[in-house]
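Structure, as C-alpha coordinates:
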Number of protein chains: 2
Amino acid sequence: MRVSEQSEDVFARLPAGSFDKDCPTRPLMAQVTGRWGALIIAALVPGPVRFSGLHRQIGGISQKMLSQYLKSLVRYGLVERLVEPTVPPQVTYRLTPLGRSLAEQLCALLGWFGANTAELEAARQRHDATDSPSR
Amino acid sequence: MRVSEQSEDVFARLPAGSFDKDCPTRPLMAQVTGRWGALIIAALVPGPVRFSGLHRQIGGISQKMLSQYLKSLVRYGLVERLVEPTVPPQVTYRLTPLGRSLAEQLCALLGWFGANTAELEAARQRHDATDSPSR
DNA sequence: CCGTATCCAACAAGATACTG
DNA sequence: CAGTATCTTGTTGGATACGG
(Lines give C-alpha, C1' and ligand atoms only; values in the text may rest on other atoms or scores of the structure.)
Protein backbone atom coordinates (compact mmCIF):
# COMPACT_ATOMS: atom_id res chain seq x y z
CA MET A 1 0.00 0.00 0.00
CA ARG A 2 1.61 3.22 -1.16
CA VAL A 3 0.80 5.62 1.61
CA SER A 4 1.86 8.88 0.07
CA GLU A 5 -0.02 8.33 -3.15
CA GLN A 6 -3.28 7.45 -1.50
CA SER A 7 -3.12 10.22 1.03
CA GLU A 8 -2.55 12.92 -1.51
CA ASP A 9 -5.32 11.55 -3.63
CA VAL A 10 -7.88 11.76 -0.86
CA PHE A 11 -6.62 15.12 0.21
CA ALA A 12 -6.81 16.50 -3.29
CA ARG A 13 -10.58 16.12 -3.22
CA LEU A 14 -10.91 18.63 -0.41
CA PRO A 15 -12.45 21.96 -1.38
CA ALA A 16 -9.95 24.77 -1.38
CA GLY A 17 -11.19 26.92 1.47
CA SER A 18 -11.98 24.15 3.93
CA PHE A 19 -9.57 25.47 6.49
CA ASP A 20 -10.53 29.08 6.07
CA LYS A 21 -11.83 30.77 9.16
CA ASP A 22 -15.09 31.80 7.54
CA CYS A 23 -15.63 29.09 5.00
CA PRO A 24 -19.40 29.04 4.30
CA THR A 25 -19.59 25.28 4.80
CA ARG A 26 -18.77 25.53 8.49
CA PRO A 27 -22.25 26.45 9.75
CA LEU A 28 -23.73 23.82 7.47
CA MET A 29 -21.41 21.16 8.77
CA ALA A 30 -22.27 22.19 12.29
CA GLN A 31 -25.96 21.66 11.61
CA VAL A 32 -25.63 18.36 9.86
CA THR A 33 -22.88 16.87 11.95
CA GLY A 34 -24.43 18.17 15.13
CA ARG A 35 -25.48 15.72 17.73
CA TRP A 36 -28.62 14.52 15.94
CA GLY A 37 -28.21 15.47 12.30
CA ALA A 38 -26.65 12.28 11.02
CA LEU A 39 -29.04 10.09 12.97
CA ILE A 40 -32.12 11.89 11.70
CA ILE A 41 -30.96 11.69 8.12
CA ALA A 42 -30.05 8.04 8.49
CA ALA A 43 -33.48 7.32 9.94
CA LEU A 44 -35.08 8.84 6.85
CA VAL A 45 -33.15 6.72 4.36
CA PRO A 46 -35.56 3.77 4.19
CA GLY A 47 -38.45 6.06 3.30
CA PRO A 48 -40.79 8.78 4.57
CA VAL A 49 -41.34 8.78 8.31
CA ARG A 50 -43.73 10.66 10.54
CA PHE A 51 -42.66 12.95 13.35
CA SER A 52 -43.65 10.50 16.02
CA GLY A 53 -41.94 7.70 14.14
CA LEU A 54 -38.66 9.55 14.21
CA HIS A 55 -39.15 10.42 17.82
CA ARG A 56 -39.65 6.77 18.66
CA GLN A 57 -36.85 5.46 16.51
CA ILE A 58 -34.10 7.82 17.60
CA GLY A 59 -33.40 7.02 21.20
CA GLY A 60 -32.92 9.88 23.60
CA ILE A 61 -33.91 12.77 21.35
CA SER A 62 -36.38 15.32 22.68
CA GLN A 63 -39.28 16.75 20.70
CA LYS A 64 -37.61 20.09 20.78
CA MET A 65 -34.36 18.90 19.26
CA LEU A 66 -36.11 16.78 16.66
CA SER A 67 -38.28 19.68 15.60
CA GLN A 68 -35.36 22.06 15.54
CA TYR A 69 -33.09 19.85 13.46
CA LEU A 70 -35.88 18.96 11.06
CA LYS A 71 -36.64 22.60 10.49
CA SER A 72 -33.03 23.27 9.70
CA LEU A 73 -32.78 20.29 7.35
CA VAL A 74 -35.88 21.43 5.53
CA ARG A 75 -34.41 24.89 5.26
CA TYR A 76 -31.32 23.62 3.47
CA GLY A 77 -33.31 21.52 1.07
CA LEU A 78 -32.21 18.19 2.47
CA VAL A 79 -35.61 17.10 3.77
CA GLU A 80 -39.18 17.67 2.62
CA ARG A 81 -42.10 18.22 4.95
CA LEU A 82 -45.43 16.84 3.77
CA VAL A 83 -48.67 17.65 5.57
CA GLU A 84 -51.73 15.51 5.00
CA PRO A 85 -54.88 17.39 5.97
CA THR A 86 -56.46 14.62 7.95
CA VAL A 87 -57.84 14.82 11.45
CA PRO A 88 -55.66 14.71 13.39
CA PRO A 89 -53.06 16.07 10.97
CA GLN A 90 -50.31 13.78 9.79
CA VAL A 91 -46.88 15.12 8.88
CA THR A 92 -44.30 13.02 7.14
CA TYR A 93 -40.69 13.83 6.41
CA ARG A 94 -38.79 12.60 3.41
CA LEU A 95 -35.27 13.02 2.04
CA THR A 96 -34.89 15.12 -1.08
CA PRO A 97 -32.50 13.91 -3.79
CA LEU A 98 -29.90 16.26 -2.32
CA GLY A 99 -30.56 14.83 1.11
CA ARG A 100 -30.24 11.30 -0.18
CA SER A 101 -26.90 12.07 -1.70
CA LEU A 102 -25.72 13.40 1.64
CA ALA A 103 -27.21 10.39 3.38
CA GLU A 104 -24.85 8.12 1.50
CA GLN A 105 -21.88 9.92 2.97
CA LEU A 106 -23.33 9.94 6.45
CA CYS A 107 -24.34 6.31 6.40
CA ALA A 108 -20.84 5.43 5.29
CA LEU A 109 -19.53 7.38 8.25
CA LEU A 110 -21.91 5.74 10.70
CA GLY A 111 -20.98 2.42 9.18
CA TRP A 112 -17.31 3.13 9.70
CA PHE A 113 -17.87 3.84 13.36
CA GLY A 114 -19.90 0.72 13.77
CA ALA A 115 -17.28 -1.39 12.04
CA ASN A 116 -14.43 0.04 14.08
CA THR A 117 -15.99 0.42 17.50
CA ALA A 118 -14.05 -2.49 18.91
CA GLU A 119 -10.72 -1.20 17.71
CA LEU A 120 -11.43 2.30 18.96
CA GLU A 121 -12.46 1.04 22.35
CA ALA A 122 -9.39 -1.17 22.57
CA ALA A 123 -7.15 1.79 21.79
CA ARG A 124 -8.86 3.87 24.42
CA GLN A 125 -8.46 1.24 27.10
CA ARG A 126 -4.83 0.67 26.18
CA HIS A 127 -4.20 4.39 26.38
CA ASP A 128 -6.06 4.89 29.64
CA ALA A 129 -4.26 1.97 31.22
CA THR A 130 -0.67 2.77 30.29
CA ASP A 131 -0.88 6.47 30.81
CA SER A 132 -2.88 9.10 32.58
CA PRO A 133 -6.14 8.12 34.27
CA SER A 134 -7.66 11.15 32.56
CA ARG A 135 -11.41 11.06 32.38
CA MET B 1 -30.26 5.25 -10.97
CA ARG B 2 -32.58 2.92 -9.08
CA VAL B 3 -33.54 4.88 -6.01
CA SER B 4 -35.22 2.30 -3.87
CA GLU B 5 -32.56 -0.33 -4.38
CA GLN B 6 -29.76 2.03 -3.63
CA SER B 7 -31.38 3.48 -0.56
CA GLU B 8 -31.97 0.15 1.04
CA ASP B 9 -28.48 -0.90 0.18
CA VAL B 10 -26.93 2.07 1.91
CA PHE B 11 -29.19 1.70 4.87
CA ALA B 12 -28.38 -1.96 5.22
CA ARG B 13 -24.78 -1.08 6.01
CA LEU B 14 -25.80 0.79 9.13
CA PRO B 15 -24.77 -0.91 12.35
CA ALA B 16 -27.65 -2.34 14.29
CA GLY B 17 -27.67 -0.17 17.39
CA SER B 18 -27.06 3.17 15.72
CA PHE B 19 -30.31 4.57 17.01
CA ASP B 20 -29.97 3.18 20.46
CA LYS B 21 -29.94 5.70 23.23
CA ASP B 22 -26.62 4.53 24.61
CA CYS B 23 -24.89 3.22 21.56
CA PRO B 24 -21.15 3.33 22.35
CA THR B 25 -20.40 5.10 19.08
CA ARG B 26 -22.24 8.24 20.13
CA PRO B 27 -19.50 9.79 22.24
CA LEU B 28 -16.98 8.90 19.55
CA MET B 29 -19.08 10.50 16.87
CA ALA B 30 -19.42 13.56 19.02
CA GLN B 31 -15.67 13.91 19.27
CA VAL B 32 -14.89 13.30 15.66
CA THR B 33 -17.79 15.18 14.16
CA GLY B 34 -17.45 17.94 16.69
CA ARG B 35 -16.65 21.39 15.48
CA TRP B 36 -12.96 20.74 14.82
CA GLY B 37 -12.52 16.97 14.55
CA ALA B 38 -12.97 16.60 10.82
CA LEU B 39 -10.82 19.60 10.04
CA ILE B 40 -7.95 18.42 12.21
CA ILE B 41 -7.99 14.97 10.70
CA ALA B 42 -8.20 16.39 7.22
CA ALA B 43 -5.24 18.63 7.94
CA LEU B 44 -3.19 15.59 8.92
CA VAL B 45 -3.87 13.65 5.73
CA PRO B 46 -0.95 14.98 3.68
CA GLY B 47 1.52 13.95 6.36
CA PRO B 48 2.82 14.66 9.86
CA VAL B 49 2.29 18.19 11.07
CA ARG B 50 3.52 20.07 14.08
CA PHE B 51 1.24 21.64 16.64
CA SER B 52 1.99 25.15 15.46
CA GLY B 53 1.45 24.05 11.88
CA LEU B 54 -2.03 22.82 12.65
CA HIS B 55 -2.75 25.96 14.60
CA ARG B 56 -1.74 28.08 11.63
CA GLN B 57 -3.50 25.98 9.01
CA ILE B 58 -6.87 25.64 10.69
CA GLY B 59 -8.34 29.09 10.77
CA GLY B 60 -10.08 30.20 13.94
CA ILE B 61 -9.15 27.35 16.25
CA SER B 62 -7.74 28.15 19.66
CA GLN B 63 -4.79 26.40 21.24
CA LYS B 64 -7.06 25.01 23.86
CA MET B 65 -9.43 23.37 21.41
CA LEU B 66 -6.62 22.07 19.24
CA SER B 67 -4.91 20.53 22.22
CA GLN B 68 -8.14 19.08 23.53
CA TYR B 69 -9.20 17.49 20.26
CA LEU B 70 -5.74 16.13 19.58
CA LYS B 71 -5.63 14.51 22.98
CA SER B 72 -8.92 12.83 22.33
CA LEU B 73 -7.89 11.65 18.88
CA VAL B 74 -4.69 10.19 20.30
CA ARG B 75 -6.70 8.47 22.97
CA TYR B 76 -8.84 6.65 20.42
CA GLY B 77 -5.85 5.58 18.39
CA LEU B 78 -6.60 7.78 15.43
CA VAL B 79 -3.56 10.00 15.77
CA GLU B 80 -0.01 9.47 16.99
CA ARG B 81 1.97 12.00 18.97
CA LEU B 82 5.70 12.07 18.36
CA VAL B 83 8.04 14.09 20.54
CA GLU B 84 11.52 14.90 19.32
CA PRO B 85 13.81 15.77 22.22
CA THR B 86 15.29 18.86 20.69
CA VAL B 87 15.56 22.29 22.25
CA PRO B 88 13.00 23.65 22.08
CA PRO B 89 10.95 20.44 21.90
CA GLN B 90 9.18 19.63 18.67
CA VAL B 91 5.96 17.65 18.64
CA THR B 92 4.50 16.25 15.47
CA TYR B 93 1.15 14.57 14.95
CA ARG B 94 0.47 11.87 12.44
CA LEU B 95 -2.52 9.76 11.46
CA THR B 96 -2.46 6.11 12.39
CA PRO B 97 -3.69 3.57 9.84
CA LEU B 98 -7.03 3.61 11.65
CA GLY B 99 -7.07 7.38 11.49
CA ARG B 100 -6.28 7.35 7.80
CA SER B 101 -9.16 5.04 7.12
CA LEU B 102 -11.47 7.42 8.96
CA ALA B 103 -9.94 10.34 7.12
CA GLU B 104 -11.18 8.95 3.84
CA GLN B 105 -14.75 9.09 5.08
CA LEU B 106 -14.35 12.55 6.51
CA CYS B 107 -12.67 13.97 3.44
CA ALA B 108 -15.49 12.58 1.36
CA LEU B 109 -17.92 14.36 3.63
CA LEU B 110 -16.02 17.65 3.49
CA GLY B 111 -15.84 17.22 -0.24
CA TRP B 112 -19.59 16.72 -0.44
CA PHE B 113 -20.23 19.95 1.41
CA GLY B 114 -17.81 21.80 -0.78
CA ALA B 115 -19.37 20.43 -3.93
CA ASN B 116 -22.93 21.23 -2.82
CA THR B 117 -22.50 24.53 -1.05
CA ALA B 118 -24.14 26.46 -3.86
CA GLU B 119 -27.20 24.23 -3.95
CA LEU B 120 -27.60 24.30 -0.18
CA GLU B 121 -27.32 28.06 -0.09
CA ALA B 122 -29.82 28.40 -2.91
CA ALA B 123 -32.30 26.21 -1.07
CA ARG B 124 -31.88 28.25 2.07
CA GLN B 125 -32.48 31.53 0.30
CA ARG B 126 -35.50 30.14 -1.51
CA HIS B 127 -36.89 28.91 1.78
CA ASP B 128 -36.20 32.09 3.68
CA ALA B 129 -37.74 34.20 0.94
CA THR B 130 -41.00 32.32 0.40
CA ASP B 131 -41.68 31.58 4.01
CA SER B 132 -40.82 32.73 7.48
CA PRO B 133 -37.99 35.19 7.95
CA SER B 134 -36.76 32.90 10.72
CA ARG B 135 -33.10 33.48 11.40
C1' DC C 1 7.69 25.97 21.08
C1' DC C 2 4.03 23.29 23.17
C1' DG C 3 1.07 23.20 25.72
C1' DT C 4 -2.03 23.77 30.62
C1' DA C 5 -5.05 26.57 33.89
C1' DT C 6 -8.47 29.69 34.74
C1' DC C 7 -12.22 32.40 33.97
C1' DC C 8 -16.14 33.58 31.31
C1' DA C 9 -19.58 33.93 27.45
C1' DA C 10 -22.50 31.54 24.24
C1' DC C 11 -25.04 27.95 22.88
C1' DA C 12 -26.89 23.31 22.77
C1' DA C 13 -29.88 20.54 24.88
C1' DG C 14 -33.26 18.48 28.45
C1' DA C 15 -37.67 18.86 31.17
C1' DT C 16 -41.95 20.38 31.41
C1' DA C 17 -46.10 22.43 30.19
C1' DC C 18 -49.11 23.97 26.86
C1' DT C 19 -51.62 24.86 21.93
C1' DG C 20 -54.01 23.88 17.22
C1' DC D 1 -50.66 14.10 16.53
C1' DA D 2 -47.35 17.53 15.86
C1' DG D 3 -45.45 20.62 17.44
C1' DT D 4 -44.24 25.55 20.35
C1' DA D 5 -42.90 28.18 24.70
C1' DT D 6 -40.33 28.73 28.61
C1' DC D 7 -37.07 27.78 31.89
C1' DT D 8 -32.86 25.74 33.44
C1' DT D 9 -28.74 23.22 33.03
C1' DG D 10 -24.46 21.32 30.97
C1' DT D 11 -21.17 21.59 27.70
C1' DT D 12 -18.41 23.92 24.25
C1' DG D 13 -15.45 27.16 23.07
C1' DG D 14 -12.73 31.64 23.24
C1' DA D 15 -9.36 34.94 25.71
C1' DT D 16 -5.84 35.40 28.46
C1' DA D 17 -2.13 34.30 31.20
C1' DC D 18 1.18 31.27 32.71
C1' DG D 19 4.61 26.99 32.91
C1' DG D 20 8.01 23.19 31.05
Side-chain angles (χ1 to χ4, degrees), chain A residues 19 21-23 26-40 43-44 48-75 79-94 131-135, chain B residues 19 21-23 26-40 43-44 48-75 79-94 131-135:
Chain A
F19 298 114
K21 183 183 158 71
D22 27 39
C23 172
R26 290 223 181 150
L28 268 67
M29 285 275 298
Q31 272 300 329
V32 172
T33 68
R35 185 160 175 191
W36 302 109
L39 287 175
I40 293 175
L44 287 171
V49 190
R50 305 242 306 267
F51 186 89
S52 55
L54 288 169
H55 192 221
R56 238 174 297 111
Q57 187 179 358
I58 302 173
I61 195 170
S62 65
Q63 281 193 330
K64 174 187 170 183
M65 285 299 106
L66 181 55
S67 168
Q68 192 171 300
Y69 270 83
L70 282 172
K71 212 183 291 184
S72 183
L73 295 174
V74 168
R75 187 165 175 247
V79 168
E80 259 179 329
R81 183 177 185 271
L82 307 153
V83 185
E84 299 197 48
T86 59
V87 179
Q90 294 198 349
V91 182
T92 60
Y93 291 91
R94 169 171 65 168
D131 204 27
S132 62
S134 70
R135 237 160 101 22
Chain B
F19 299 114
K21 183 183 158 70
D22 28 39
C23 171
R26 289 221 181 154
L28 267 68
M29 285 276 298
Q31 272 301 327
V32 172
T33 69
R35 186 159 173 193
W36 302 110
L39 287 176
I40 292 174
L44 287 170
V49 190
R50 303 243 307 267
F51 186 89
S52 53
L54 289 168
H55 193 221
R56 239 175 296 114
Q57 187 180 358
I58 302 172
I61 195 172
S62 66
Q63 281 194 331
K64 174 187 170 180
M65 286 299 107
L66 181 55
S67 168
Q68 194 171 297
Y69 271 83
L70 282 171
K71 213 184 290 186
S72 183
L73 295 173
V74 168
R75 187 165 175 246
V79 169
E80 258 178 328
R81 183 178 185 269
L82 307 153
V83 184
E84 299 197 46
T86 61
V87 180
Q90 294 198 350
V91 183
T92 61
Y93 292 91
R94 171 172 65 171
D131 203 28
S132 62
S134 71
R135 263 266 263 126

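So that the names make sense, note that chain A is the first sequence line, chain B the second, and so on, each numbered from 1. Any value given below was found using the heavy atoms of this structure, including those in side chains, with hydrogens, waters and symmetry copies removed.
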Most 5' of P88(A) and K64(A) on DNA chain D, judged by nearest nucleotide: P88(A)
Would one find a side-chain N or O of [X] under 4.0 angstrom from OP1 or OP2 of [N]?
X: R35(A); N: dA12(C); result: no
X: S52(B); N: dC2(C); result: yes
X: S67(B); N: dG3(C); result: no
X: S62(A); N: dA15(C); result: no

Roughly how many Å is it from [atom1] in [X] to [atom2] in [N], rounded to a whole number?
X: M65(A); N: dT16(C); atom1: CE; atom2: P; answer: 15 Å
X: Q63(A); N: dT4(D); atom1: CD; atom2: P; answer: 10 Å
X: L66(A); N: dG3(D); atom1: CG; atom2: C1'; answer: 10 Å
X: Q68(A); N: dA2(D); atom1: CD; atom2: P; answer: 19 Å
X: Y69(A); N: dA12(C); atom1: OH; atom2: C1'; answer: 8 Å
X: L82(A); N: dA2(D); atom1: CG; atom2: C1'; answer: 14 Å
X: L70(A); N: dC1(D); atom1: CG; atom2: C1'; answer: 15 Å
X: M29(B); N: dT12(D); atom1: CE; atom2: P; answer: 15 Å

Which nucleotides of DNA chain D pair, in dot-bracket form (Watson-Crick or G-U under 3.5 Å, | meaning another strand): ||||||||||||||||||.|
Criterion side chain to side chain contact (heavy atoms under 4.5 Å, CB included) against I40(A), the qualifying member of V32(A), L70(A), V49(A): L70(A)
